[in-house]
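Here the structure is laid out as structure tokens; the discussion comes afterwards.
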Amino acid sequence: MPKLEPADASAVKRYLNELQDRITAAVEKLDSARFQRDSWARPEGGGGESRILSDGAVFERAGVSVSHVFGEKMPASASNQRPDIAGAPFEAMGLSLVFHPRNPHAPTTHCNVRFLVARPASGPEVWWFGGGFDLTPYYPCDEDVLHWHRTARDACQEFGADVYEKYKDWCDRYFFLPHRNETRGVGGLFFDDLNEGGFSRCFAFQRSVGDHFLPAFLPILERRRDLPYGDRERQFQLYRRGRYVEFNLVYDRGTLFGLQSRGRTESILMSLPPIARWEYDWHPAPGSPEARLNEYLRPRNYLAELAGAD
């Protein structure tokens with residue numbers, strides 16, 4: 001029986017640190033503000049560095065955080081579907097980012113790439129990759145959504161003909177608010193528990209997802225960052241940001257894992273927008289630009305439906 005390829009956690013960590021540098025440099029090139037760098041440690045083992053940009057000309061808040069933590073017991077959010085690793089020591093590392101642009105015409109976006117290893121007392125270590133990226137527009141444009149999904153498809157292209165559809169569908173299911181019966185935005189990619197095909201292939205896929213984030217997002221931001229807007233658009237942006245808060249605090253596995261593993265709370269909650277609002281049973285006027293968003297808050301085959309958008 002051939003020997004299984006060992007996982008190289010140090011190579012993953014080097015990539016995550018490099019990706020953090022690359023993304024923060026690209027953001028600072030666009031904005032007037034600079035990232036505050038905040039290194040932290042946890043008593044149980046490990047730590048990370050959170051980089052937070054606040055009140056910039058382009059971004060109202062942008063957070064790019066890398067963490068590498070250890071623990072004696074895998075948190076329930078990661079092991080409740082895996083009884084073989086429940087209670088096992090673990091090592092987890094990842095990059096997580098959320099950008100909240102100032103202009104309501106520019107979408108909020110999120111990206112995460114992560115790697116986890118569990119080391120049960122009996123049996124071999126268990127490792128897997130996870131992550132993805134998704135887009136949450138307030139005033140969606142077909143050309144932006146089409147570009148986003150084409151780039152997501154490009155990230156998956158060399159890994160199999162069905163990979164994009166598989167992880168696009170998973171994203172639609174994951175970033176869904178059941179109590180609102182709507183998707184969080186227009187989706188993208190989401191994958192988890194990835195170890196099929198060996199470490200090198202899985203790591204290559206994670207790098208492809210991480211490397212395609214900036215090409216997916218920056219062209220959209222460039223088109224929308226300077227569009228004129230008024231108080232109406234601003235208030236709608238704040239209202240829809242409330243949905244983002246609802247998802248992250250109620251359903252997001254990454255938030256739960258961070259809190260259950262006793263990570264740094266400020267870094268875990270950096271994904272939340274600096275300002276949001278809620279209205280009781282509010283609905284946009286039929287036919288308004290705000291009502292148009294409802295057409296996008298459901299799973300759709302954007303590549304097929306919007307092929308003529310550009």
Side-chain angles (χ1 to χ4, degrees), residues 23 26-36 51-64 97-111 133-148 175-177 179-188 213 216-250 252 255 266 269-298 309:
I23 291 173
V27 170
E28 289 187 336
K29 188 176 180 180
L30 290 171
D31 212 313
S32 59
R34 293 293 177 263
F35 281 94
Q36 170 191 346
R51 300 181 185 177
I52 306 296
L53 183 152
S54 300
D55 201 26
V58 177
F59 294 98
E60 196 166 3
R61 173 174 293 166
V64 188
L97 69 83
V98 177
F99 295 162
H100 292 288
R102 183 175 297 281
N103 193 312
H105 295 289
T108 286
T109 190
H110 157 261
C111 177
F133 50 64
D134 65 288
L135 193 71
T136 307
Y138 308 100
Y139 292 92
C141 299
D142 287 355
E143 64 174 320
D144 295 348
V145 178
L146 185 59
H147 167 79
W148 181 259
F175 292 105
F176 187 81
L177 286 77
H179 64 282
R180 299 289 189 180
N181 194 32
E182 64 184 34
T183 56
R184 187 168 80 172
V186 298
F213 170 73
F217 181 66
L218 290 184
I220 299 172
L221 180 67
E222 292 282 4
R223 285 195 289 264
R224 309 300 164 197
R225 54 179 282 187
D226 296 321
L227 292 179
Y229 67 92
D231 186 64
R232 169 177 169 165
E233 290 83 5
R234 172 62 168 170
Q235 292 304 314
F236 185 64
Q237 177 195 47
L238 299 183
Y239 172 73
R240 289 301 310 179
R241 279 179 177 178
R243 296 287 206 272
Y244 209 89
V245 173
E246 290 176 19
F247 179 85
N248 279 29
L249 294 184
V250 177
D252 186 65
T255 301
E266 292 298 324
L269 299 181
M270 73 174 190
S271 63
L272 302 181
I275 305 174
R277 72 183 185 96
W278 285 262
E279 294 288 342
Y280 183 78
D281 200 27
W282 181 85
H283 300 277
S288 67
E290 292 76 20
R292 185 171 179 267
L293 177 63
N294 292 328
E295 300 173 16
Y296 294 82
L297 300 181
R298 55 182 174 82

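All of these numbers come straight from a predicted model, not from anything done at the bench.
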Mind checking the [atom1]-[atom2] spacing from [X] to [Y]? Nearest 0.5 Å is all I need.
X	Y	atom1	atom2	value
I275	R277	CD1	CZ	12.0 Å
R223	L218	CZ	CG	11.0 Å
L146	C141	CG	SG	12.0 Å
L297	F175	CG	CZ	14.5 Å

Donor-acceptor under 3.5 Å ([X] side chain, [Y] main chain):
X	Y	value
T183	F176	no
Q36	L53	no
Q235	R232	no
D134	C111	no

Validation row: [X], [Y] side chains within 4.5 angstrom (heavy atoms):
X	Y	value
T108	P101	yes
P104	L238	no
E28	I23	no
E290	Q237	no
R243	R184	no
F236	D231	no
P274	R241	yes
I220	L135	yes

Would you call [X]-[Y] a salt bridge at under 4.0 Å N-O?
X	Y	value
R224	E143	yes
E246	R180	yes
E182	R240	yes

By ring-ring contact (aromatic ring centres under 6.0 Å, His included), which residues pair with [X], not counting sequence neighbours?
X	value
Y244	H100
H147	none
Y138	none

Check [X] against [Y] and note the closest heavy-atom contact, atom names and distance.
X	Y	result
T255	D252	N-OD2, 2.9 Å
P137	G185	CD-CA, 4.4 Å
S54	A33	O-CB, 4.1 Å
P284	S288	CB-OG, 3.9 Å
A285	A291	O-CB, 3.4 Å

Next on the checklist: Using salt bridge (charged side-chain N to carboxylate O under 4.0 Å, His left out), reason through E60 and R234 one step at a time and then give a plain yes or no.
Outcome noted: CA-CA 12 Å; E60 196 166 3; R234 172 62 168 170; 2.9 Å; yes

Next on the checklist: Hydrogens and angles aside, do N103 and Y139 bring a side-chain donor and acceptor to less than 3.5 Å of each other?
Outcome noted: no

Item to check | Any side-chain donor near an acceptor of the partner, N248 and S271, under 3.5 Å | outcome: yes

Item to check | Criterion side chain to side chain contact (heavy atoms under 4.5 Å, CB included) on Y296 and D142, from CA distance to verdict | outcome: CA-CA 10 Å; Y296 294 82; D142 287 355; 2.4 Å; yes

Next on the checklist: What verdict does the side chain to side chain contact (heavy atoms under 4.5 Å, CB included) test give for R225 and L30, after you've listed the backbone C-alpha separation in whole Å, the side-chain angles of each residue and the deciding distance to 0.1 Å?
Outcome noted: CA-CA 10 Å; R225 54 179 282 187; L30 290 171; 3.5 Å; yes

Checklist entry - Once the angle between the rings of W148 and F133 is folded into 0 to 90°, is it parallel (under 30°), tilted (30 to 60°) or perpendicular (over 60°)? => result perpendicular

Item to check | Residue among D31, D55, D226 satisfying salt bridge (charged side-chain N to carboxylate O under 4.0 Å, His left out) with R102 | outcome: D55

Checklist entry - Would the W282 and Y239 ring centres measure less than 6.0 Å apart? => result yes

Checklist entry - Please walk me through it: do D144 and V186 pass side chain to side chain contact (heavy atoms under 4.5 Å, CB included)? => result CA-CA 10 Å; D144 295 348; V186 298; over 6 Å; no

